[in-house]
2 protein chains.
Amino acid sequence: MEVRTTEVPDVDRFCRFSRAVLEHVTSRWGVLVLIALLERSYRFSELRRRVGDVSEKMLAQTLQTLERDGFVHRDAKPVIPPRVDYSLTPLGREAAERIWELTRWVEARLDQVATAQESYDGRP
Amino acid sequence: MEVRTTEVPDVDRFCRFSRAVLEHVTSRWGVLVLIALLERSYRFSELRRRVGDVSEKMLAQTLQTLERDGFVHRDAKPVIPPRVDYSLTPLGREAAERIWELTRWVEARLDQVATAQESYDGRP
DNA sequence: CGGGATCCAAAACGATACTG
DNA sequence: CAGTATCGTTTTGGATCCCG
């Protein structure tokens, strides 16, 4: 009789993977990067200023993750000083548009949420 | 001349707030809870089994956050043993449907992402 | 300029024990 | 049953220094 070689079924792997991808695009900086790149391509430092106060580490990490997933295209020009442009891939553009719509939806309902919170908090 | 009383402009507060709400609905357990409640209402332990291996602490925390935001309705029946039913509010249903669509979109593109990752990783 | 490497503080998370 | 409280571990994130 064969021993089970996979403790965790493939279904789980699948879920974990999709969850991971979802987290990449909805992460704190992921959202802001995708939305920024929706308007145009950006250089590293440019993007950093555009996004707000993100540390170099987090921005680099976010960009690498998104590039690895195939959402962001990295164009490093072999010049001195270095110049690296980031832009969305077609897949990334789709993702960014969806994230953008989601944030729009949330922002349009902030009043409702704020009201709900006040009601919740003001309850003994 | 007046002194600025707000170091951080309201715009920032607004962004932080919407970011927070977005994180609540896209969080690890938030997503799963919303999607589960999309099919029907659940009791606490029921929901826990349905979602998978979420700790009591995290499930309680997630539900409280979503309830506070006005996405989830909590119905505690005064019986012994306690019985608490969780369901979506109309606002929560809207949110859940959007999250569900987003996860569907991601899952439909997992192959593309996996291919991109292999290409990225296999590069010297 | 665009990062990589390292270190450290803070926050998230899970397991467990306990309560009404 | 439906949580709360506490604790220890793991993760995360930022600051800093460094290099091509």
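Proteins get letters first, then strands, A, B, ... in listed order; numbering begins at 1 in each.
- Rounded to whole angstrom, the span from the NZ atom of B:Lys57 across to the P atom of C:dA11 amounts to 13 Å.
- A:Met58 contributes atom CE, which lies 7.5 Å from atom OG of A:Ser27 (distance to the nearest 0.5 angstrom).
- Remark: the A:Tyr42 side chain and the A:Arg50 side chain contain an N/O donor-acceptor pair separated by less than 3.5 Å.
- Smallest separation of non-hydrogen atoms from A:Ser18 and B:Val106: O-CG1, 3.9 Å.
- In this structure, B:Leu47 atom CG and D:dC1 atom P are separated by 14 Å, rounded to whole Å.
- Salt-bridge formation is detected for the pair A:Glu46/A:Arg40: a Lys NZ or Arg NE/NH1/NH2 atom is positioned less than 4.0 Å from an Asp or Glu carboxylate oxygen.
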Pairs under 3.5 Å (N/O, protein and nucleotides 2-4 of chain C):
residue	atom	partner	partner atom	Å
C:dG2	OP1	A:Arg43	NE	3.1
C:dG2	OP1	A:Arg43	NH2	3.4
C:dG2	OP2	A:Ser45	N	3.0
C:dG2	OP2	A:Ser45	OG	2.2
C:dG3	OP1	A:Arg74	NE	3.2
C:dG3	OP1	A:Arg74	NH2	2.4
C:dG3	OP2	A:Tyr86	OH	2.3
C:dG3	N7	A:Glu56	OE1	3.1
C:dG4	OP1	A:Gln64	NE2	3.3
C:dG4	OP2	A:Gln64	NE2	2.6

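- Taking atom CG on B:Asp85 and atom P on D:dC1, their separation rounds to 14 Å, with Å as the unit.
- As rounded to whole Å, 14 Å separates atom P of C:dC1 from atom CG of A:Leu59.
- Between C:dC13, D:dG13, D:dC1, one nucleotide has an atom nearer to the side chain of B:Met58 than all others, and that is C:dC13.
- B:Trp29 has a side-chain polar atom (N or O) that falls below the 4.0 Å cut-off from OP1 or OP2 of C:dG14.
- Rounded to an integer number of Å, the gap from B:Asp53 CG to C:dA15 C1' is 13 Å.
- Using a 4.0 Å cut-off between charged side-chain N and carboxylate O, B:Arg98 and B:Glu94 make no salt bridge.
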